[in-house]
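This report concerns only the one structure given below.
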Amino acid sequence: MSRDLVYPFPPSGRPDEPGAWPEGVIARYLTVGGATVDLTYRLNALNPPEPFVTLAACGGCPASQEFGHWIASGSHFDGTFTEEHDPGAGDEKARTWAQSHAETCRAMPRPEGS
């Protein structure tokens with residue numbers, strides 16, 4: 001009796017047909033279950049819209065996390081409060097979270113059309 005093993009991707013570790021990434025995806029991580037964790041920007045209501053957070057969302061399970069682009073320091077009480085716009089910091093935290101989640105998530109991607 002032979003056993004056929006079915007992998008979500010070939011032994012090379014790369015999907016057979018990677019295809020184009022969905023619009024707006026800035027980075028993508030492959031989970032151990034074969035799903036992806038996608039990084040996108042959430043935009044504010046300004047004209048033109050600007051990114052204000054980086055969103056990391058798993059396509060196999062409900063896990064997601066937002067990482068803001070604004071860094072606050074100081075205190076309102078003594079007048080030293082400041083905010084600095086730093087999209088790179090949000091991106092870096094999102095990438096770290098996405099990599100960590102992808103290394104442990106065993107959820108498989110949902111079939112097309114469901």
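We use all heavy atoms of the structure for the numbers below, so side chains are in, but hydrogens, waters and symmetry mates are not. Just so it is clear, the model here is predicted, and its values are computed rather than measured. In this chain, residues are counted from 1 in sequence order.
Shortest non-hydrogen contact noted between Thr31 and Ala107 is OG1-O, 3.9 Å. Contact between His101 and Ala63 at its shortest, heavy atoms only, is CE1-CB, 3.5 Å.
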Give every donor-acceptor pair under 3.5 Å between a side-chain atom in residues 52-61 and any protein atom, sequence neighbours left out.
| residue | atom | partner | partner atom | Å |
| --- | --- | --- | --- | --- |
| Thr54 | OG1 | His69 | NE2 | 2.7 |
| Thr54 | OG1 | Asp91 | OD1 | 2.6 |

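Formation of a donor-acceptor pair under 3.5 Å by the Thr96 side chain with backbone atoms of Glu92 is found in this model.
No side-chain heavy atom of Tyr41 sits less than 4.5 Å from a side-chain heavy atom of Glu50. Side-chain contact check for Tyr29 versus Leu39: some heavy-atom pair is nearer than 4.5 Å.
Taking OG of Ser64 as the reference point, atom CG of Asp38 lies at 12.0 Å (rounded to 0.5 Å).
Checked against side chain to side chain donor-acceptor pair (under 3.5 Å), Ser75 has no partners two or more places apart in sequence or in another chain. Residues passing the side chain to side chain donor-acceptor pair (under 3.5 Å) test with Gln99, sequence neighbours excluded: Glu103. Applying the side chain to side chain donor-acceptor pair (under 3.5 Å) rule to Thr104 yields no partners; only residues at least two apart in sequence or on another chain are considered. Partners of Arg42 under the salt bridge (Lys or Arg N to Asp or Glu O under 4.0 Å) rule, at least two apart in sequence or in another chain, are Glu66.
Residue pairs meeting the salt bridge (charged side-chain N to carboxylate O under 4.0 Å, His left out) criterion with at least one partner in residues 70-80, sequence neighbours excluded, do not occur; the list is empty.
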